[in-house]
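I have placed the structure first, in the form of structure tokens, so that the comments after it can refer back to it.
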Amino acid sequence: MNFLIPQAIDALDPWDRARRPDTLIDTTLLRHPAAFGEALRPLLEGTRELVLREGDELSRASLAAPAIHASREESDILRARSVLERRPSASERAARALVSVFDGRLEIALAYPVPAMGERAAAKIHPVALGDPLYAGLRRSKANAHTVDAWHKLGHAQPPHSVWVGEIPIWSSGSQQLAIEIVPNPWGYNEAVLIAHRGAGRVLAVELELGDDCTLKPARVMPSGWSYLRPDRTQGSTAPCFPHGAPAVSPHVRVPDLDLFALCATRTWAASPRDTLWLCARPGLRALG
């Protein structure tokens, strides 16, 4: 596979360095590039070689480290495959969502179902202006006339598949770039097991004008790397078979080339909110995916 000419991050001018993405890719994808199908293998192998050759010390060490537990490696691969299998389709990525933040109320309208999403959802909201994310519990709701009108103005012929509403703290005003990760939120143990094995997340990239005007803005739908599989060990001496309510934390490596990173992230998922917003602003995003 022929890759684009590497663009070293350190060669960027100071202004571009300040705006550059995190360029993070899930470590498992690059540790086991042959485990995710022939369509991805050449890209992941080429990216792995670049990181081992030119990456930072921590990223190189993460990829070169020998496996400590074979079962842990297998669990990591299972989690990554689960995320890849449930990425939004090209049609879903092309269908804009709607997002509104007004007077402490978050509203999200989606054109497609999110796998294993029941009557509740959780949102992790990343404002670019703030270092820490905000969290919100969401519930399924009916679209009001204002939402339906804005929805059809986007060009959708059908009504939203689902509408989600919840309360969030008012933290700022003015124009804000947001990456909002929305994921299933289980009621109980049985639903948590279903979500762990069949659930998926979505990231919505949107720019909102926070203030007095209740305006619904279009949002781009992007893949999420969220997963409940392989949660942290909570008891005993073996890894749990089922989730205990906390998403699995995945390590990442930094890719020292913007073009190669963009290819990987659009064909898998972006590992950070900053990366998601950067990808959405990049020309030719749909062609890469």
Side-chain angles (χ1 to χ4, degrees), residues 83 86-88 92-93 95-144 146-147 150-151 160-173 175-188 191-192 194-196 198-210 214-228 231 243 245-250 269-277 279-280:
V83 173
R86 292 164 182 79
R87 292 175 73 248
E92 182 179 354
R93 295 196 305 272
R96 297 298 179 93
L98 276 177
V99 176
S100 172
V101 175
F102 174 69
D103 196 24
R105 182 177 184 270
L106 171 66
E107 179 178 341
I108 295 172
L110 301 174
Y112 284 79
V114 178
M117 194 91 89
E119 295 301 310
R120 302 199 314 166
K124 189 176 184 181
I125 305 158
H126 301 266
V128 169
L130 297 179
D132 296 325
L134 306 171
Y135 298 88
L138 306 177
R139 65 185 184 279
R140 192 184 289 266
S141 181
K142 293 183 178 180
N144 58 38
H146 180 64
T147 299
W151 184 258
H161 176 274
S162 61
V163 176
W164 304 90
V165 297
E167 295 181 357
I168 60 172
I170 301 174
W171 72 93
S172 185
S173 62
S175 181
Q176 287 282 332
Q177 282 188 312
L178 306 177
I180 303 173
E181 188 170 29
I182 181 170
V183 301
N185 190 8
W187 282 102
E191 193 175 3
L194 170 67
I195 288 171
R198 303 301 302 173
R202 299 290 184 260
V203 178
L204 311 177
V206 63
E207 184 165 351
L208 291 175
E209 188 69 32
L210 303 178
C214 182
T215 303
L216 284 151
K217 290 294 183 71
R220 189 182 292 275
V221 179
M222 299 287 285
S224 162
W226 167 90
S227 172
Y228 268 174
V249 177
S250 307
W269 64 87
S272 81
R274 189 176 179 183
D275 286 346
T276 297
L277 294 169
L279 283 170
C280 287

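As a basis for the values below, the full set of heavy atoms in this structure was taken, side chains included, without hydrogen atoms, waters or symmetry mates.
- Applying the salt bridge (charged side-chain N to carboxylate O under 4.0 Å, His left out) rule to Glu92 yields the partners Arg202; only residues at least two apart in sequence or on another chain are considered.
- Taking both residues in full, the closest heavy atoms of Pro184 and Pro115 are given as CG-O, 3.6 Å, listed atom of the first, atom of the second, then distance.
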For residues 161-170, which side-chain donor-acceptor pairs fall under 3.5 Å, sequence neighbours excluded?
residue, atom, partner, partner atom, Å
Ser162, OG, Trp164, NE1, 2.9

| field | Trace of the side chain to side chain contact (heavy atoms under 4.5 Å, CB included) decision for His126 with Arg274 | value | CA-CA 9 Å; His126 301 266; Arg274 189 176 179 183; over 6 Å; no
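- For Arg105, the side-chain hydrogen bond (donor to acceptor under 3.5 Å, both in side chains) partners at least two apart in sequence or on another chain are Glu107.
- For Arg96, the side-chain contact (heavy atoms from CB on, under 4.5 Å) partners at least two apart in sequence or on another chain are Leu154, Pro218, Arg220.
- Of all heavy-atom pairs spanning Ala123 and Leu138, the tightest one is CB-CD1, 3.8 Å.
- The salt bridge (charged side-chain N to carboxylate O under 4.0 Å, His left out) test applied to Glu207 returns no partner, not counting sequence neighbours.
- Residues passing the side-chain contact (heavy atoms from CB on, under 4.5 Å) test with Val203 are Ala179, Glu181, Met222, Ser224, Thr276, sequence neighbours excluded.
- What you find for Trp151 and Ala109 is that their closest heavy atoms are CZ3-O, 3.6 Å.
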| Check against side chain to side chain contact (heavy atoms under 4.5 Å, CB included), Ile125 and Leu106 | CA-CA 10 Å; Ile125 305 158; Leu106 171 66; 3.9 Å; yes
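- The salt bridge (charged side-chain N to carboxylate O under 4.0 Å, His left out) test applied to Arg139 returns no partner, not counting sequence neighbours.
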| task | Could you give me the CA-CA distance, side-chain angles and deciding distance for Leu98 and Ile108, then say whether side chain to side chain contact (heavy atoms under 4.5 Å, CB included) is met? | result | CA-CA 6 Å; Leu98 276 177; Ile108 295 172; over 6 Å; no
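- With sequence neighbours left out, the side-chain contact (heavy atoms from CB on, under 4.5 Å) criterion links Arg120 to Asn185, Trp187.
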